[in-house]
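Scroll down for the structure; my scribbles are underneath it.
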Amino acid sequence: MKDIFDECQFNDLKLKSRIIRTGTWETETEEGGFLTPAIYDRYEKIASSGCGLIVSEIFALDAKDRFYPYSTNLNYRGFIKDYQMICDIVHKYDVPILGQLAFFYYDDGINQKVEANDITHEGIRKLQAEVIMAAKKFSFAGFDGIQINMGNNFYLARFMNPYFNQRTDEYGGNTENRVRISSEIIKVIKKTMDMHVSCRINPWDVRKGGITADESIAIAQELQNAGADSIQLTARTISQIYDKGVKHPFLVYVDDLIDALDIPVVLGGSLREMNAINDVLNHSDVEYISMSKPFVAQRNINLSKL
Ligand SMILES: Cc1cc2nc3c(=O)[nH]c(=O)nc-3n(C[C@H](O)[C@H](O)[C@H](O)COP(=O)(O)O)c2cc1C
């Protein structure tokens, strides 16, 4: 019988519960080059809530990115100093923390919004170098790892999606090729840094010609083979878990994904009540649950009272 508050080994990280506070921007960005006290306070409350792992809010790669106005930019003056303090606060509660990187647009130096079909090999190398430098920065600040958001409609999600990527070189075509830009990044991070690498991916794409559920499992396997330490799914509402004893299709997909991988998988989306969470834990192979909005709605949340 699995319980929310089981201590568990999440690959290389030790967690004291199965709940992960997932990436959540709160538009409280730094002011005048440094974080405000409210942000330190927020992280302390999350760390003391009983959660097992924290994923930070999105850090944008570039100040011109679409998500920059909502999130903290990785390149502001006080980033390392500020986040060293955040990581120290969180670590006081024996909770590991991953820095989340996500970008919607990429500026290759020629085109501010270059898309998968048009980026040159030099552009790909520049992008990969910037993501690897972001991981280095997270590492300097004391984060236990990086989560690269390659889900939703973020750049790397579009790059691996056949709906957007029609390249004819080694970065397009089959699954391995479309994931290659991400796999190469992961390989370098794992070879050069002691960092957990988590990848947030989509379970499938509703667009005709987009990623299917089977391909998303193949993508996760590619990422695992490159060295990814865990996979987190982007959210899908699973409020109706069983219908007359038949599992929700999303739970069937997650079980297939977990079967196909040797690394931990995190599931989330509309899970915020203890009975429902324990039900998912004990009627599927799911071992880790993520939550976002409950931490925003209840600043002093205590997970043992869900
Ligand atoms: C205000 C807000 C900000 C979010 N920010 C992020 C983010 O920075 N990174 C991310 O991966 N997902 C982000 N999400 C998505 C959440 O991580 C999560 O997948 C979604 O809210 C569903 O989970 P929940 O039902 O537990 O809230 C955000 C969602 C909301 C509502």
Side-chain angles (χ1 to χ4, degrees), residues 4 17-30 35 38-39 42-43 46 49-62 65-74 79 83 86 97-105 131 134 138 143 145-158 160 182 196-205 216 223 228 230-241 248 250-251 253-254 265-281 286 288-299 301 303 306:
I4 293 175
S17 86
R18 297 182 185 274
I19 306 244
I20 282 101
R21 194 308 287 250
T22 184
T24 311
W25 75 68
E26 297 200 40
T27 56
E28 283 169 343
T29 55
E30 87 283 357
L35 295 183
I39 300 178
R42 163 150 57 87
Y43 274 98
I46 298 169
S49 68
C51 74
L53 172 69
I54 296 177
V55 181
S56 73
E57 68 263 47
I58 282 177
F59 292 113
L61 198 56
D62 191 289
D65 199 74
R66 174 165 147 186
F67 283 86
Y68 172 71
Y70 311 111
S71 59
T72 303
N73 179 279
L74 190 71
F79 180 86
Y83 279 91
I86 297 273
I97 177 167
L98 309 180
Q100 192 191 61
L101 184 78
F103 49 101
F104 194 80
Y105 298 127
V131 176
F138 288 153
F143 284 98
I146 177 170
Q147 179 172 84
I148 308 173
N149 195 333
M150 30 186 102
N152 303 106
N153 227 10
F154 287 109
Y155 195 87
L156 294 173
R158 298 203 298 284
M160 62 178 67
S182 305
H196 182 103
V197 176
S198 157
C199 299
R200 195 163 196 197
I201 63 165
N202 292 326
W204 55 72
D205 184 12
S216 118
L223 297 168
S230 62
I231 297 288
Q232 186 183 338
L233 291 167
T234 54
R236 286 289 145 121
T237 301
I238 53 168
S239 48
Q240 196 190 349
I241 296 171
H248 188 288
F250 196 60
L251 279 184
Y253 159 82
V254 175
V265 171
V266 181
L267 170 72
S270 306
L271 287 168
R272 42 192 64 3
E273 196 266 318
M274 194 169 281
N275 287 339
I277 296 175
N278 274 321
D279 217 31
V280 171
L281 289 176
V286 172
Y288 303 98
I289 297 286
S290 73
M291 293 195 327
S292 162
K293 289 188 282 289
F295 288 97
V296 181
Q298 299 176 56
R299 287 292 183 203
I301 191 167
L303 295 181
L306 278 180

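Whatever order the structure lists them in is the order used to number ligands and atoms, beginning at 1. Small disclaimer: the values here were computed from a predicted structure and weren't measured.
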Q.
Show me which atoms of ligand 1 lie under 4.0 Å from any heavy atom of Ile58.
A. 7 (C), 8 (O), 9 (N)
Q) Is the closest side-chain heavy-atom distance between Leu101 and Phe138 below 4.5 Å? A) yes
Q: Considering the heavy atoms of Asn149, write down every atom of ligand 1 situated less than 4.0 Å from one of them.
A: 10 (C), 11 (O)
Q. Which of the numbered atoms in ligand 1 are below 4.0 angstrom from a heavy atom of Met291?
A. 26 (O)
Q. Are any of the N/O atoms in Asn152 less than 3.5 Å from those in ligand 1?
A. no
Q: For the residue pair Ser230 and Tyr288, confirm or rule out a side-chain donor-acceptor distance under 3.5 Å.
A: no
Q. Tell me, which protein residue and heavy-atom name are nearest atom 21 (O) of ligand 1, and how many Å apart are they?
A. Lys293 NZ, 3.3 Å
Q. Which residue and non-hydrogen atom of the protein lie closest to atom 22 (C) of ligand 1, and at what distance in Å?
A. Ala235 CB, 3.5 Å
Q) In ligand 1, which numbered atoms sit nearer than 4.0 Å to a non-hydrogen atom of Gly269? A) 23 (O), 25 (O)
(Q) Looking only at protein heavy atoms, which one is nearest to atom 9 (N) of ligand 1, and what is the separation? (A) Gln100 OE1, 2.8 Å
Q) Would Arg42 count as a cation-pi partner of Phe295, with NZ or CZ less than 6.0 Å from the six-membered ring centre and within 45° of the ring normal? A) no
(Q) Among all protein heavy atoms in this structure, tell me which lies nearest to atom 5 (N) of ligand 1, with the distance rounded to 0.1 Å. (A) Trp25 N, 2.9 Å
Q: With the side chain counted from C-beta on, respond yes when Ile54 and Tyr43 share a heavy-atom pair under 4.5 Å apart, and no when they do not.
A: yes
Q) Any non-hydrogen atom of Arg272 lying under 4.0 Å from ligand 1? A) yes
